[in-house]
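Remarks on the structure that follows.
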Amino acid sequence: MSTTQHRNLQDQKALVTGATSGLGRAIAFQLASDGAEVIIHGRDATRGTETVDAITSAGGRARFVAADLSDPADLRRLVEDIGDIDILVNNAGFSVFGATADLDLDTFDALFASNVRAPFFLVAAFAPGMVARGKGSIINVSSMAGQIGLAGGAAYGATKGALSSLTRAWAAEFSPSGVRVNTIAPGPVYTEGAAPERTAGLGSTTLLKRAANVEEIAEVVGFLVSPHASYVTGAIIAVDGGRTAV
């Protein structure tokens, strides 16, 4: 993958959480291809190094930072290590599907710590600097599960619905100062962490009758953080093949 395409993010620094694999990795490549210096966050140093090497080999700029975002102390250390950024992509998170009655309290709390609490405190840490400079872009990665009811997806869907609500509130709070805040809500996406047959099955329920590749989602993020989307804020962008349209 080339990282010398549009270069419209030159001189900007971006943090992408959960960027050592799957959708986060594709987003990191997209932003690097558009000229940003990308901070790759993850918990696996080996995968982090491989991602950085792949980006730099293609002509981009990247570095890796390790942190467990569910640990408040580790999250604070991450923020101090990074300093100011221009772009924040809250991508890290995980999903658990199953009957509501079977979901234990620890798993419920872990879902919200990873999918909601970590993005909240990352925005709390980085948005004030963006406000002070009068510019910045924040992208939250939600899911179609936060927009529609999926049997077995109550807790996970609630975390993703919370991100949509936070996006609207943060846009109201920060956009008058020049900081744009948006959410993408992908549908089924082929990633190494998801069972291909399940992804294909969900893809067949979309209007386009297929699941997405990670690059199709990443390109939307690239647009939203770019100058081309300068009038877009507070939006929940469905990138789901039409699944939530009908």
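To the nearest 0.5 Å, atom CZ of residue R210 and atom CG of residue L202 are 14.5 Å apart. Taking CG of L163 as the start and CH2 of W170 as the end, the distance is 7.0 Å to the nearest 0.5 Å. To the nearest 0.5 angstrom, L23 atom CG is 15.5 Å from Y190 atom OH. Distance check: I236 CD1 to T244 OG1 gives 11.0 Å after rounding to the nearest 0.5 Å. Distance check, rounded to the nearest 0.5 Å: CG of L166 to CZ of F120 gives 7.0 Å. Note that the CD1 atom of I87 and the CD1 atom of I138 stand 11.0 Å from one another [nearest 0.5 Å].
When the side-chain contact (heavy atoms from CB on, under 4.5 Å) test is applied to A73, the partners found at least two apart in sequence or on another chain are D71, R76. Residues meeting the side-chain contact (heavy atoms from CB on, under 4.5 Å) test with A155, sequence neighbours left out: L103, F108, L111.
A donor-acceptor distance shorter than 3.5 angstrom exists from the side chain of D86 to the backbone of K13, with no hydrogens or angles considered. The closest donor-acceptor contact from the side chain of H41 to the backbone of A67 lies under 3.5 Å. Panel note: side chain N115, backbone F94; a donor-acceptor pair is recorded below 3.5 Å. A distance-only check finds a donor-acceptor pair linking the side chain of E216 to the backbone of N213 [under 3.5 Å]. Listed for the D74 side chain is a donor-acceptor partner under 3.5 Å among the backbone atoms of D68. Looking only at distances, no side-chain donor or acceptor of S143 sits under 3.5 Å from a matching main-chain atom of G146.
Pairs engaging residues 227-246 under the salt bridge (charged side-chain N to carboxylate O under 4.0 Å, His left out) rule: none recorded [sequence neighbours left out]. Sequence neighbours left out, not one pair with a member in residues 179-199 passes salt bridge (charged side-chain N to carboxylate O under 4.0 Å, His left out). Among pairs with a residue in residues 117-134, those fulfilling salt bridge (charged side-chain N to carboxylate O under 4.0 Å, His left out) read D84-R133, at least two apart in sequence or across chains.
Note on I85 and L69: same hydrophobic cluster, where clusters join Ile, Leu, Val, Met, Phe, Trp and Tyr whose side-chain heavy atoms are under 4.5 Å apart, directly or indirectly. Connection of L31 to V141 is established within a shared hydrophobic cluster, with ILVMFWY side chains joined at heavy-atom distances below 4.5 Å, either directly or through further cluster members. Both V221 and I40 belong to a common hydrophobic cluster when Ile, Leu, Val, Met, Phe, Trp and Tyr are linked at side-chain heavy-atom distances under 4.5 angstrom.
S114 and S70 share no side-chain donor-acceptor pair at under 3.5 Å. No hydrogens or angles considered: nothing links the side chains of D44 and T20 as a donor-acceptor pair under 3.5 Å.
Results of the side chain to side chain contact (heavy atoms under 4.5 Å, CB included) test with V189 over T199, I217, V239 single out I217 as the only residue that passes.
The closest side-chain heavy-atom distance from I82 to V79 is not below 4.5 Å.
Membership of the apolar cluster around L207 extends to V246, as traced through chained side-chain contacts below 4.5 Å between ILVMFWY residues.
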Checklist line | Chi angles and distances behind the side chain to side chain contact (heavy atoms under 4.5 Å, CB included) call for N91, N140 | finding: CA-CA 6 Å; N91 168 75; N140 299 310; over 6 Å; no
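Between F223 and H228, the ring planes lie parallel to each other; the angle is under 30°, not in the 30° to 60° tilted range.
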